[in-house]
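Notes follow the structure.
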Amino acid sequence: MVSITVICVVVQHDICVGLKHTPPSPHTVPVVSKRDYYEVLGVDRTASENDIKSAFRSLARKYHPDKNPNDKSAEAKFKEVQEAYAILSDSDEKAKYDRFGHNRPGGSPFGPGGFQGVDINIDDLFGGGFESIFSSIFGGRGSRRNERGSDLLYRHRIPFNEAFEGSEAEIIIEVMSTCESCDGIGSKDPDAIISCGTCEGHGRLRRMQRVGPFTQQVVSDCPACGGNGKTITNPCEDCGGEGRLNKEKKVRFSIPPGIESGTRLRMSGYGEASKDLRGPSGHLYIEISHDEHPWFERDGQDLLMALPVNYVDLVLGAEIEIPHVDGKPLIVKIPKGSMPGETVSIRGRGFPRNKRSGRGDVTVVLRLKPTGKLSRSAKKTLEGLKLELDDGLSAEDSALKEAERRRK
Ligand SMILES: [Zn+2]
Ligand SMILES: [Zn+2]
């Protein structure tokens with residue numbers, strides 16, 4: 001992996017060139033429509049490191065793509081707060097921004113392409129796993145040492161009733177793990193590890209690059225050693241010098257009752273081993289989804305179903321029993337004079353609520369059950385009832401009454 005990051009440094013002679021410029025024509029003046037970084041984070045210039053961090057955390061949670069799927073404006077905001085935080089959380093970059101604003105010499109500190117955005121897990125915005133991402137953006141100073149191993153995502157599907165009751169599960173996954181033969185150093189013999197000749201053990205290479213009128217110092221990972229500054233002359237046979245290898249791991253976890261499809265459980269330290277011996281392992285995220293129920297739809301912790309009921313039960317009222325996911329039958333009490341499309345609520349029989357106590361509700365939408373083939377005598381009885389059941393209103397008055405009810 002070669003990450004190119006641009007750090008500061010404007011070479012003296014280029015500044016002179018810059019100053020010699022007579023007032024630039026309007027075409028060459030960069031139009032800065034960027035918002036002020038402090039304004040983006042909603043903090044003032046005297047805000048402490050902690051204020052900046054907590055402002056970022058709360059805005060990033062608000063605009064995170066997981067919370068705003070397919071929302072372009074939230075996506076843009078998410079990137080904007082990331083960029084502001086990348087600069088304001090780095091003391092050197094912050095000092096430069098405070099002095100020059102967006103028009104600093106040397107162009108964007110993120111390189112010619114500007115800020116590209118970074119991936120942050122929404123869970124890390126509640127804990128604190130995002131700092132390392134930002135501290136590594138400005139490569140020259142931020143050390144790659146102790147970098148956390150990669151996070152993994154595993155999808156796990158469960159039956160509907162397990163989502164209701166919760167369960168214990170066990171999976172076997174392949175994870176990049178520390179090689180036991182060499183204890184992760186990549187070499188059987190620790191003395192056979194020498195300093196990389198290309199980067200002299202720094203792990204990074206610096207070179208000068210011209211961008212516009214300026215010369216910048218560009219720092220990138222050393223391609224010869226992959227950035228760790230070491231060369232292994234006698235690589236471990238099992239891991240080929242990588243220090244890590246794929247291994248099967250058994251992971252046990254509990255699924256809380258009432259879990260929603262799409263919830264990600266985080267197993268800290270179950271992700272990939274770090275490339276750096278001192279770095280902690282990444283996280284394993286287990287995304288839970290569940291099967292559909294034959295007739296229920298979920299709306300959070302509430303359940304929704306449609307129940308076809310015959311005309312007589314709607315008119316006279318009835319109690320209808322149907323098996324339920326909690327093991328006890330669900331009794332739907334239909335009040336007399338019900339209409340198709342009306343709902344009956346059964347409190348406390350939905351899914352268990354996460355953290356809070358209690359359960360959601362079940363909502364039953366009443367439908368009119370289609371009538372089967374009618375016998376001659378049934379037809380006759382219905383014809384007889386028709387007059388008796390009629391409220392005597394004309395079609396026009398009925399339409400009017402219905403419209404009034406609907407518009408209420
Ligand atoms: Zn090994
Ligand atoms: Zn090297």
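In each ligand, atom 1 is the first atom listed, and ligand 1 is the first ligand listed. Quantities reported herein were computed from a predicted structural model and do not represent experimental measurements.
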With side chain to side chain donor-acceptor pair (under 3.5 Å) as the test, pick out the partner of His290 among Glu162, Arg157, Arg298.
Arg298
Sort by chain and number the protein N/O/S atoms that are closer than 2.8 Å to the Zn ion (ligand 2), and list them.
Cys196 SG, Cys199 SG, Cys222 SG, Cys225 SG
Can the ring centroids of His64 and Phe78 be said to lie less than 6.0 angstrom from one another?
yes
When the aromatic ring centroids of Phe56 and Tyr37 are compared, is their separation below 6.0 Å?
no
Salt bridge or not between Arg35 and Glu80? Use side-chain N to carboxylate O under 4.0 Å.
yes
In terms of relative ring orientation, are His293 and Phe296 parallel, tilted or perpendicular, with 30° and 60° separating the classes?
tilted
Vertex the Zn ion (ligand 1), rays to SG in Cys236 and SG in Cys179 - rounded to 10°:
110°
Between Asp151 and Arg264, is there a salt bridge with N-O shorter than 4.0 Å?
no
